Number of protein chains: 2
Amino acid sequence: MNTLTPVQQKFILHWGEMGTRWGINRTVAQIHALLYLSPKALNAEEIAETLTVARSNVSSSLKELQGWGIVKLVHVLGDKRDHFESMKDVWEMFRVVLDERKKREIDPTLTMLRECLIELEDEKAKDTYTGERIHAMRDFFETTTAWYQQIRTWPTNAVVPFVKLGDKVLRVLGIGGG
Amino acid sequence: MNTLTPVQQKFILHWGEMGTRWGINRTVAQIHALLYLSPKALNAEEIAETLTVARSNVSSSLKELQGWGIVKLVHVLGDKRDHFESMKDVWEMFRVVLDERKKREIDPTLTMLRECLIELEDEKAKDTYTGERIHAMRDFFETTTAWYQQIRTWPTNAVVPFVKLGDKVLRVLGIGGG
DNA sequence: AGGACATTTCTGTGAATACTGAAATTACAG
DNA sequence: CTGTAATTTCAGTATTCACAGAAATGTCCT
């Protein structure tokens with residue numbers, strides 16, 4: 001896997017671009033893509049060569065990917081170097097990333113919003129509009145995170161039938177205005 | 001609204017940080033936050049002063065926000081300057097942003113994945129592992145986008161009862177392994 | 001303990017991005 | 001038309017971010 005097929009290149013390059021759009025370092029995303037496509041665990045040297053990036057850069061990128069929890073260190077018999085492999089189950093992978101982003105970004109935002117509301121209590125009268133808007137925002141995040149908690153563990157095979165139900169869902173559940 | 005209260009500052013600053021984490025320019029996000037909190041439409045001058053950024057910067061940021069579809073230009077009687085206001089319904093706002101990100105990022109990714117699979121048909125035999133992985137990825141994106149199409153129009157008041165149902169959901173719907 | 005190899009941390013450099021202020025353009029009133 | 005205010009575009013500057021290479025640390029073997 002030292003030279004990439006055109007298709008592998010295409011995938012890895014696109015994944016890198018996707019990364020940047022969602023606040024993930026391009027190289028980090030590319031390394032992840034490479035490991036995702038690789039049938040065997042790769043060592044840092046191989047990754048650096050294949051993607052032509054500096055060895056040190058690979059090191060820190062791998063650390064970050066491990067921090068996200070979608071790449072892990074493994075050992076290969078008869079080779080003392082560290083090897084790395086990506087999680088392969090796409091559903092699980094995205095669940096892990098979403099969990100992590102929730103922890104890093106959504107939860108702190110909720111904390112911030114709650115703090116704002118507490119601080120506003122004192123000066124309630126003079127600036128109700130801000131309070132209103134922040135209140136609405138907090139409600140949104142609270143509801144959607146609860147929602148996410150609900151569906152994050154759905155088995156893969158639940159989603160397809162769910163989609164198939166289409167408009168019927170809300171009626172069957174007897175909720176919403178549907 | 002030329003000087004900000006501590007709470008408003010806190011919110012706007014945090015929103016700016018959130019932006020950067022999700023690939024949105026900090027200033028763009030801050031301007032959006034400011035408009036979201038503002039009870040009345042603001043002109044570019046006011047925004048520039050309040051956030052102490054250059055007038056030209058405000059101009060391009062507003063253009064981007066309009067591109068996302070969450071800020072719109074309005075006119076105030078007796079004032080020929082352009083004024084801007086943010087969408088206020090948080091649910092609607094996030095729906096619009098998600099729709100846009102789907103269009104800009106997810107749909108092209110799906111296209112890329114499909115192209116990869118077409119290109120792989122020819123060389124099917126020699127590199128099935130890559131095909132397998134890309135196939136799994138395409139399935140994931142196809143299923144989740146269909147899922148999103150499904151729920152994106154759920155009325156706000158459908159989500160709360162949905163969450164309340166908890167584990168029962170899958171059983172009631174008779175799907176999944178739950 | 002010593003030496004070879006592997007890995008991580010650190011620092012300077014280069015590239016990309018964001019931002020400002022000036023200039024150009026546009027819109028509008030008289 | 002002319003003058004004024006508003007807006008956008010542009011070009012230079014600054015800041016941030018990504019990266020390579022060197023140095024330091026760690027690991028394993030003998």
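Just so you know, these numbers come straight off a predicted model, no measurement behind them. Residue numbering restarts at 1 for every chain, and letters A, B, ... go by the order of the sequence lines.
Regarding A/Glu64, its CD atom lies at a distance of 13 Å from the P atom of D/dC17, rounded to whole Å. Regarding B/His83, its NE2 atom lies at a distance of 10 Å from the P atom of D/dA6, rounded to whole Å. As a whole-Å value, the separation of B/Asp79 CG from C/dA27 P is 17 Å. Atom P of nucleotide C/dA18 and atom CG of B/Leu62 are separated by 16 Å, given to the nearest angstrom. Between the P atom of C/dG21 and the CD atom of B/Glu45 lies a distance of 12 Å, rounded to the nearest Å. Rounded to whole angstrom, the span from the CG atom of A/Leu42 across to the C1' atom of C/dA6 amounts to 16 Å. Nucleotide C/dT17 holds its C1' atom 12 Å from the CZ atom of A/Arg26, rounded to whole Å. The distance between atom CG of B/Asn25 and atom P of C/dA16, rounded to the nearest whole Å, is 18 Å.
Considering only side-chain N and O atoms, B/Arg55 lies under 4.0 angstrom from the phosphate OP1 or OP2 of D/dT7. Look at A/Asn43 and you won't find any side-chain N or O under 4.0 angstrom from OP1 or OP2 of C/dT7.
Closest to the side chain of A/Lys80, from the set D/dA18, C/dC5, C/dC19, is C/dC5. Here the side chain of A/Lys63 is nearest to one of C/dT9, D/dC28, D/dC10, namely C/dT9. Listed candidates were D/dC19, D/dA20, C/dT9. Nearest to the side chain of A/Ala54 is D/dA20.
Contact record, A/Leu170 with B/Pro155: CD1-CD, 4.0 Å, taken as the closest heavy-atom pair.
In this structure, B/Asp82 reaches the sugar-phosphate backbone alone: every heavy-atom distance under 4.0 Å involves primed, P, OP1 or OP2 atoms, never a base. No contact: A/Ser60 has no heavy atom under 4.0 Å from any strand. Counting any heavy atom pair closer than 4.0 Å across all strands shown, A/Asn57 reaches sugar-phosphate atoms only and no base atom.
One finds no salt bridge joining A/Lys88 and B/Glu132 here, because no Lys/Arg side-chain nitrogen approaches an Asp/Glu carboxylate oxygen to under 4.0 Å. Salt bridge annotation for B/Asp99-B/Arg95: present, with a cationic side-chain nitrogen under 4.0 angstrom from a carboxylate oxygen. Residues B/Glu45 and B/Arg81 are not paired through a salt bridge, judged by the lack of any N-O separation under 4.0 Å between the basic side chain and the carboxylate.
A 4.5 Å side-chain heavy-atom check between A/Met93 and B/Met137 finds at least one atom pair inside the cut-off.
Put simply, the side chain of A/Ser56 and the base of D/dA20 share a donor and an acceptor less than 3.5 Å apart.
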